[in-house]
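Since the model is a prediction, treat every value here as computed from it, not as a measurement. Residue indices begin at 1 and follow the sequence shown.
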Amino acid sequence: MEELFLLSFSIPLAAGLMLFKLDGKRADYFMLITVIITTLLNVLGVYEFCSSGMKTIHKALLTSKSLGEVYGVLIDPMSVAVGLVVSTAGLLFMLYAVDYMSPNNREHPVYEGKGRFYAWMVLFIGATLAFVYSSSVLQLLIFFEIMSLACWGVVSYYGSKKAKRSAYKAFIVTNFGAMIGLYTAVGVGITHLHNLSLFAYSSLESHLKLIVFLAVVIAAFTKSAQFPFYSWLPDAMVAPTPASAFLHGAAMVEMGVFLLARFIQFMQPIPREGFYVMAGLIIATQLICILMYPFQRDAKRLLAYSTIAESGLMYVALATAVLGMESGLQASVFQLFNHAYIKGLAFLTAGTFSYALGTLEMDRIRGLIKSPVVGYGWTFALLGLAGVPPFGVFFGKLGILSNANAMRESMLVLAMFALLLLDSAVFLMVSLKRVHSMVFSEGNERVEITPLMKVVMVILLILAIIAPYIAYPLVAKVGW
């Protein structure tokens with residue numbers, strides 16, 4: 001079984017390098033074959049894992065006397081759930097990219113260089129899956145850095161001064177997190193544990209455990225664009241829209257959450273001081289997003305602040321896990337899974353504005369109801385992100401709030417829960433205003449997009465509704 005998961009990230013890592021030399025239809029075909037095989041391998045691995053009773057599989061593939069486990073694979077309910085959403089969402093975003101990255105795109109016509117974009121994206125998918133199935137902290141560091149490099153590649157793709165500046169900002173901020181967080185974790189593993197396996201970190205002394213945990217919080221929060229590291233993510237919206245969808249729905253931002261969830265899972269119990277640091281930064285992040293929603297005019301920047309807030313909610317669940325609630329760990333992964341598809345739908349719908357209308361300025365977009373897939377896609381995506389049922393984010397937020405017992409441990413949990421509800425309310429009000437002005441209004445020509453783009457959006461809409469039913473059997477098995 002583990003061979004399927006190893007191949008699911010080894011193939012895109014190798015194929016991504018080859019795509020730099022291809023372009024046009026050859027790049028299309030090679031990319032599609034790669035991501036389809038990657039997804040099939042991963043889905044087949046998930047099926048076998050579930051059929052076998054969901055027992056954790058840990059294989060150390062490279063060990064050393066002085067460093068312990070250096071490289072290995074860890075297949076458990078958490079990695080399988082996250083890997084499933086990464087591979088399936090990645091496939092859908094790349095299918096959409098085939099038509100989006102074309103001369104017909106009114107805002108960003110693409111005549112050549114598709115292979116370079118595909119190369120970075122396929123490497124991104126491979127590195128993300130490798131990160132998810134890593135069993136050593138050194139692996140997490142390596143693939144964390146490869147993801148940051150791939151992020152630089154896609155954000156800088158269009159080559160403008162703004163794109164290059166935003167790409168370097170994203171790379172520097174996330175690399176700073178790696179240097180503070182994961183280099184510290186690796187250093188402690190080498191000097192004190194003589195073992196880099198995740199399984200070894202629970203044996204650290206309390207003061208070292210706190211140091212490692214706070215360092216990893218910094219790494220995770222830079223990746224997820226949490227306060228005070230949040231500004232790189234809205235700026236990164238200059239990337240092609242399929243890349244933005246992957247960044248927000250199934251890669252960079254979510255991998256910060258996954259990273260911290262992994263350390264919480266393997267380092268229990270964690271000193272209480274770690275909770276207070278997390279809670280303070282989460283509350284600051286939530287307040288910033290609530291204040292910023294009404295002022296956004298660019299569709300992708302509105303979605304960017306939504307992503308920052310949604311990942312903040314995943315950290316609310318992880319904060320309760322730091323207090324010792326296993327259900328908090330489950331709630332964070334559940335929300336990650338539910339958020340991915342609806343956020344992907346939101347970004348790909350925004351991409352149709354760029355593709356067909358040549359603008360992302362929401363004040364200039366009217367009459368989307370004339371194009372039902374686009375109009376209803378935008379409507380349902382915004383309502384789903386606000387937490388309106390029957391979309392999965394509603395159940396994800398409900399899962400987070402179900403950890404109300406954590407309020408007995410600290411009133412900061414109550415503050416985070418209250419801001420969760422306030423964030424949902426403010427985003428819903430902003431969304432309803434935008435739906436009214438952009439969808440159910442007069443103006444604008446029809447938004448003409450290709451059949452492939454429409455099919456991908458419809459599939460994402462369906463997945464956004466059924467995601468809780470897919471995720472729950474796996475998430476229910478997540479634990480210490």
Side-chain angles (χ1 to χ4, degrees), residues 1-13 16 35 38-50 54 56-59 61 69 71-91 93 121-148 150-151 174 178 182 197-199 216 219-220 223-224 246-266 311 314 318 329-330 332-341 470-471 474-475 477-478:
M1 181 194 309
E2 59 270 21
E3 291 83 1
L4 293 171
F5 292 103
L6 282 167
L7 286 171
S8 74
F9 63 78
S10 299
I11 288 174
L13 285 173
V35 295
T38 295
T39 305
L40 288 175
L41 286 169
N42 197 76
V43 170
L44 182 58
V46 172
Y47 174 77
E48 290 196 5
F49 176 77
C50 294
M54 302 190 197
T56 296
I57 299 172
H58 173 219
K59 295 284 186 180
L61 303 176
E69 183 177 349
Y71 191 93
V73 62
L74 178 57
I75 302 164
D76 67 345
M78 182 187 293
S79 61
V80 168
V82 177
L84 178 61
V85 80
V86 169
S87 60
T88 53
L91 171 61
F93 300 157
M121 283 297 294
V122 171
L123 283 171
F124 213 158
I125 292 170
T128 304
L129 287 171
F131 183 83
V132 167
Y133 296 117
S134 293
S135 63
S136 85
V137 178
L138 181 59
Q139 285 174 267
L140 291 173
L141 170 60
I142 291 169
F143 294 117
F144 187 102
E145 295 284 43
I146 295 175
M147 282 191 286
S148 294
C151 179
T174 54
L182 289 172
S197 172
L198 280 167
F199 291 87
V216 174
K223 208 72 161 176
S224 298
F246 190 62
L247 272 169
H248 290 252
M252 291 280 282
V253 177
E254 280 72 14
M255 290 309 104
V257 175
F258 177 83
L259 173 65
L260 193 58
R262 268 302 197 215
F263 274 87
I264 292 172
Q265 184 182 33
F266 284 97
S311 54
M314 299 172 205
L318 289 182
L329 200 64
Q330 296 168 347
S332 68
V333 179
F334 192 52
Q335 174 68 342
L336 186 157
F337 198 102
N338 287 317
H339 172 256
Y341 298 116
I470 300 172
L474 289 165
V475 170
K477 298 290 185 179
V478 171

Could you walk me through whether M255 and F144 pass the side-chain contact (heavy atoms from CB on, under 4.5 Å) check?
CA-CA 9 Å; M255 290 309 104; F144 187 102; over 6 Å; no
Once rounded to the nearest 0.5 Å, what's the spacing between atom [atom1] of [X] and atom [atom2] of [Y]?
{"X": "Q139", "Y": "L141", "atom1": "CD", "atom2": "CG", "answer": "11.0 Å"}
{"X": "M78", "Y": "K477", "atom1": "CE", "atom2": "NZ", "answer": "15.0 Å"}
{"X": "E2", "Y": "H58", "atom1": "CD", "atom2": "NE2", "answer": "11.5 Å"}
{"X": "M252", "Y": "T174", "atom1": "CE", "atom2": "OG1", "answer": "4.5 Å"}
{"X": "C151", "Y": "L247", "atom1": "SG", "atom2": "CG", "answer": "4.5 Å"}
{"X": "M147", "Y": "L123", "atom1": "CE", "atom2": "CG", "answer": "12.5 Å"}

Is [Y] close to [X] at the side-chain level, that is, under 4.5 Å between some pair of heavy atoms?
{"X": "L140", "Y": "F263", "result": "yes"}
{"X": "V86", "Y": "N42", "result": "no"}
{"X": "T39", "Y": "T88", "result": "yes"}
{"X": "L13", "Y": "F143", "result": "yes"}
{"X": "Q265", "Y": "L329", "result": "yes"}
{"X": "I146", "Y": "I142", "result": "yes"}
{"X": "I75", "Y": "V80", "result": "yes"}
{"X": "V137", "Y": "F266", "result": "no"}

For [X] against [Y], the heavy-atom pair lying closest together:
{"X": "L474", "Y": "P77", "result": "O-CB, 3.3 Å"}
{"X": "F337", "Y": "Y341", "result": "CE2-CE1, 3.7 Å"}
{"X": "A220", "Y": "G256", "result": "CB-O, 3.2 Å"}
{"X": "L198", "Y": "S134", "result": "CD1-O, 4.0 Å"}
{"X": "V257", "Y": "L318", "result": "O-CD1, 3.7 Å"}
{"X": "L74", "Y": "S135", "result": "CB-CB, 3.7 Å"}

Is it the case that [X] and [Y] place a side-chain donor and acceptor less than 3.5 Å from each other?
{"X": "K223", "Y": "S148", "answer": "yes"}
{"X": "D76", "Y": "S79", "answer": "yes"}
{"X": "S224", "Y": "S311", "answer": "no"}

Please identify each residue that fulfils ring-ring contact (aromatic ring centres under 6.0 Å, His included) with Y47, with sequence neighbours left out.
none
Kindly say whether M314 contributes a backbone atom to a donor-acceptor pair with the side chain of S332 at under 3.5 angstrom?
no
Judged by atom type as modelled, is there a donor-acceptor pair below 3.5 Å linking the side chain of E3 to the main-chain atoms of M1?
yes
Run the side-chain contact (heavy atoms from CB on, under 4.5 Å) check on V216 and L260 step by step: do they pass?
CA-CA 7 Å; V216 174; L260 193 58; 4.0 Å; yes
With under 30° as parallel and over 60° as perpendicular, where do the rings of F246 and F124 fit, or are they tilted in between?
perpendicular
Just do the side-chain contact (heavy atoms from CB on, under 4.5 Å) check on L40 and L44 with the steps written out, would you?
CA-CA 6 Å; L40 288 175; L44 182 58; over 6 Å; no
Please identify which of these residues, Q335, H248, H339, meets the side chain to side chain donor-acceptor pair (under 3.5 Å) condition with E254.
H339
In sequence, state the C-alpha distance, the side-chain angles, and the governing distance for L84 and V43, and then conclude on side-chain contact (heavy atoms from CB on, under 4.5 Å).
CA-CA 7 Å; L84 178 61; V43 170; 4.0 Å; yes
